[in-house]
Amino acid sequence: WTSLVPSDRPPAPVNVSVMHLRADSATVSWEVPEGDIIIGFSISQQRMDGKMQRFIREVNTTSRSCVLWDLEEETEYIIQVQSIGLYGESQASKHMHFRTLKKTDRLPSNSSNQDDPAVQGLEKARQLQTGEMIIIVVVLLMWAGEENT
């Protein structure tokens with residue numbers, strides 16, 4: 001009689017860490033010990049107060065990171081990561097605790113935010129500069145045309 005649980009499951013992910021922490025998102029990254037064929041990952045995410053739990057599972061990927069979205073600000077979460085191999089999932093990694101930031105603590109991102117008045121002002125200034133350049137070119141062409149007649 002053989003065991004229904006294969007003994008060649010992949011090892012658990014190691015060095016689980018949280019990066020790019022914001023009020024409503026965070027990026028989880030991890031490493032997988034060499035030598036095993038890993039075809040995906042599974043992440044369990046739970047609020048410390050137990051009110052919400054989410055499972056994320058991706059296969060056919062070699063990714064070693066995942067963005068957690070739609071998080072509550074100033075909330076503590078626990079995450080665990082599992083590797084998915086050809087013969088099942090690994091044991092779960094060690095628990096990783098993190099706390100999201102307040103919305104006011106969030107670092108400014110490099111992406112354009114249309115609601116930001118400073119960004120809107122820059123966009124208008126760029127449009128104005130482009131318009132001024134067109135006027136200058138037209139005036140120069142007209143002036144060059146008068147010179148040649």
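No hydrogens, no waters, no symmetry mates; every other heavy atom, side chains included, goes into these values.
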* Distance-only, no hydrogens or angles: does the Thr100 side chain make a donor-acceptor pair with backbone N or O of Glu74 under 3.5 Å? -> yes

* Asked: Under 3.5 Å, is there a donor-acceptor pair between the side chain of Asp49 and the main chain of Lys51?
  -> yes

* Starting from the C-alpha separation in whole Å, work towards a yes-or-no answer on side-chain contact (heavy atoms from CB on, under 4.5 Å) for Leu68 and Ile56. => CA-CA 9 Å; Leu68 305 177; Ile56 300 169; 3.6 Å; yes

* Any chance you could measure Thr75, atom OG1, to Asp24, atom CG, to the nearest 0.5 Å? => 11.0 Å

* Among Ser42, Ser44, Pro13, find the one that has a side chain to side chain contact (heavy atoms under 4.5 Å, CB included) with Gln80. => Ser44

* To do: List, by chain and then residue number, the residues other than Val14 in its hydrophobic cluster (Ile/Leu/Val/Met/Phe/Trp/Tyr, side-chain heavy atoms under 4.5 Å); write none if there are no others.
  => none

* **Ser29 vs Met19 side-chain heavy atoms within contact, under 4.5 Å** => yes

* Asked: Taking only residues two or more places apart in sequence or in another chain, which ones pass salt bridge (Lys or Arg N to Asp or Glu O under 4.0 Å) with Arg99?
  -> Glu76

* Which value, rounded to the nearest 0.5 Å, describes the distance between Glu31 atom CD and Ser93 atom OG? -> 12.5 Å

* To do: Go through the steps for Trp30 and Ile79 under the test side-chain contact (heavy atoms from CB on, under 4.5 Å), then give the verdict.
  => CA-CA 12 Å; Trp30 60 89; Ile79 53 170; over 6 Å; no

* Hey, could you give me the CG/CZ distance between Leu71 and Arg47, rounded to the nearest 0.5 Å? => 10.0 Å

* **ILVMFWY network linking Met52 to Val67, side-chain heavy atoms under 4.5 angstrom** => no

* Asked: By salt bridge (Lys or Arg N to Asp or Glu O under 4.0 Å), which residues pair with Arg54, not counting sequence neighbours?
  -> none

* Between atom CZ of Phe98 and atom CE of Met48, what is the distance when rounded to the nearest 0.5 Å? -> 11.5 Å

* Asked: How far does CG of Leu21 sit from CG of Leu101, to the nearest 0.5 angstrom?
  -> 4.5 Å

* Asked: Given side chains that start at C-beta, do those of Ser90 and Arg9 come closer than 4.5 Å, heavy atoms only?
  -> no

* Asked: Should Tyr87 and Val59 be regarded as members of a common hydrophobic cluster, given that ILVMFWY residues are connected when their side-chain heavy atoms come within less than 4.5 Å of each other, either directly or indirectly?
  -> yes

* Is it true that atom CG of Asn60 has more than 12 heavy atoms of other residues, nucleotides or ligands lying nearer than 6.0 Å? -> no

* Taking C-beta and beyond as the side chain, do Tyr77 and Glu72 meet within less than 4.5 Å on heavy atoms? -> yes

* When rounded to the nearest 0.5 angstrom, what is the spacing between CD1 in Ile38 and CD in Gln82? -> 11.5 Å

* Determine, using the 4.5 Å side-chain heavy-atom cutoff (strictly less than), whether Ile78 and Phe41 are members of one ILVMFWY cluster. => no

* Where is the tightest heavy-atom contact between Ala12 and Ala92, given as atom of each residue plus distance? -> CB-O, 3.9 Å

* Asked: How far apart are the C-alpha atoms of Met96 and Val81, what are their side-chain angles, what is the distance that settles it, and do they pass the side-chain contact (heavy atoms from CB on, under 4.5 Å) test?
  -> CA-CA 9 Å; Met96 175 73 187; Val81 183; over 6 Å; no

* Asked: For the side chain of Glu73 and the backbone of Lys102, is there at least one donor-acceptor N/O pair under 3.5 Å apart?
  -> no

